2 protein chains.
Amino acid sequence: MAYQDIFAALADPTRRQIFENLRDHPKTVGELAKGQTVSRPAVSQHLRVLQDAHLVSVEPQGNRRLYSIKREGLKELRDYLDCFWSDAFSAYRAEIAKVMENKGEE
Amino acid sequence: MAYQDIFAALADPTRRQIFENLRDHPKTVGELAKGQTVSRPAVSQHLRVLQDAHLVSVEPQGNRRLYSIKREGLKELRDYLDCFWSDAFSAYRAEIAKVMENKGEE
DNA sequence: TATCTTGGTAAGCCATAACTTACCGTAAGT
DNA sequence: ACTTACGGTAAGTTATGGCTTACCAAGATA
């Protein structure tokens with residue numbers, strides 16, 4: 001599991017909507033499907049993807065299954081994003097002049 | 001522009017690799033394509049998507065085009081993620097008992 | 001036990017998007 | 001001016017993945 005799956009999971013609008021729908025409080029599959037245009041099985045499939053990405057967790061509640069947000073995946077994503085906040089690429093601008101010279105080297 | 005595009009942009013492995021490849025310092029299209037298995041036009045197309053998502057910016061440098069990371073898109077994504085750090089969904093667990101009762105209401 | 005509800009899985013369809021080759025414009029070098 | 005290098009765009013192909021219907025298993029209710 002890694003940020004790969006998390007990005008993939010949250011890339012789909014419907015899936016992201018389901019995820020956001022879970023923000024306030026945990027919901028059952030039925031509840032989630034009710035607020036969605038797609039069919040219930042589709043919602044189930046989306047939830048599976050979200051679960052694999054560690055973005056939601058399930059808690060069987062009798063007949064139903066209660067899904068809730070799991071911050072773990074989000075944390076993973078946050079850490080990933082933080083890697084891009086270094087300022088190493090400010091001094092490179094002038095370097096390109098040098099690059100312009102050596103044209104055909106492997 | 002919104003986090004929608006950013007998620008979509010970073011969901012693709014190749015595109016994310018290109019993006020990560022830009023982390024150290026700005027690069028030209030040729031440089032980026034060299035470290036990639038896909039063709040150069042493919043890289044160009046990916047760069048377009050990244051640019052639309054405000055994740056990279058271009059700076060024409062004579063014949064070449066120098067691409068560099070743009071933190072703007074990342075910031076947008078960070079803000080989005082922060083919305084999920086509220087703890088509103090802790091008290092809901094008991095609520096499900098009530099939900100169990102009203103089964104068939106619209 | 002028979003029935004209803006909830007929800008996960010399978011199979012198949014279809015739309016999107018990632019990739020390719022081909023082409024073109026523009027800047028550099030001779 | 002001609003040629004080469006760089007890189008964006010177009011058109012067409014293919015593969016991925018999101019959706020549907022159909023089905024099935026398990027718990028709840030009578």
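Model, not experiment: these values are computed from the prediction. Just the heavy atoms: all of them, side chains too, but no hydrogens, waters or symmetry mates, feed the values below. Here is the naming used below: chain letters follow the sequence lines, and residue numbers restart at 1 for every chain.
Side-chain contact annotation: A:Thr14 with A:Gln17, donor-acceptor N/O pair under 3.5 Å absent.
A:Pro60 comes within 4.0 angstrom of nothing in the nucleic acid, heavy atoms only. The residue A:Arg40 sits close to a base: some heavy atom pair falls under 4.0 Å.
Using modelled atom types, no side-chain atom of A:Arg65 and backbone atom of A:Val29 make a donor-acceptor pair closer than 3.5 Å. Listed for the A:Lys27 side chain is a donor-acceptor partner under 3.5 Å among the backbone atoms of A:Asn21.
Between the CZ atom of B:Arg65 and the C1' atom of C:dG25 there is a distance of 12 Å, rounded to whole Å. Rounded to an integer number of Å, the gap from B:Leu10 CG to C:dA18 P is 12 Å. Computed from coordinates, the B:Arg48 CZ to C:dC19 C1' distance equals 17 Å when rounded to whole Å. Between B:Glu59 atom CD and D:dG7 atom C1' there is a gap of 16 Å when expressed in whole angstrom units. When rounded to the nearest whole Å, the span between CD of B:Gln51 and P of D:dG7 equals 14 Å. Regarding B:Asp5, its CG atom lies at a distance of 11 Å from the P atom of C:dA17, rounded to whole Å. For the pair A:Leu66 CG and C:dG8 P, the computed distance is 11 Å after rounding to whole Å. A:Leu50 has its CG atom 12 Å from the P atom of C:dG8, to the nearest Å.
A rotation axis mapping the C1' atoms of four pairs onto the next four is fitted at both ends of the helix from C:dT1-D:dA30 to C:dT30-D:dA1 over five pairs, and the angle between these axes is 30° to 10 degrees.
In this structure, B:Ser39 reaches the C:dT20 phosphate: one of its side-chain N or O atoms is under 4.0 Å from OP1 or OP2. Phosphate contact (OP1/OP2 of D:dC6, side-chain N/O of B:Tyr67, threshold under 4.0 Å): absent.
Within the 4.5 Å cutoff, side-chain heavy atoms of A:Ile18 are placed close to those of A:Gln36. Within the 4.5 Å cutoff, the side chain of A:Tyr80 has heavy atoms near those of the B:Glu20 side chain.
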Write out a two-atom table: protein N or O, nucleotide N or O from nucleotides 16-18 of chain D, distance below 3.5 Å.
unit_1 : atom_1 : unit_2  : atom_2 : d
D:dG18 : OP2    : A:Arg15 : NH1    : 2.9
D:dG18 : OP2    : A:Arg15 : NH2    : 3.3

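With C:dT26, C:dT5, D:dA22 as the choices, the nucleotide that has an atom nearest any side-chain atom of B:Asn63 turns out to be C:dT26. With D:dG8, C:dT9, C:dG7 as the candidates, the nucleotide lying closest to the side chain of A:Pro41 is C:dT9.
Classification of B:Arg78 and B:Asp82 as a salt-bridged pair fails, no side-chain N sitting under 4.0 Å from a carboxylate O. In this structure, A:Asp12 does not pair ionically with A:Arg16, as no charged nitrogen and carboxylate oxygen lie closer than 4.0 Å.
A distance of 5.0 Å separates CZ of B:Phe84 from CD1 of A:Ile69, quoted to the nearest 0.5 Å.
Shown here for B:Val56 and B:Leu22, the closest heavy-atom pair between the two residues is CG1-CD2, 3.8 Å.
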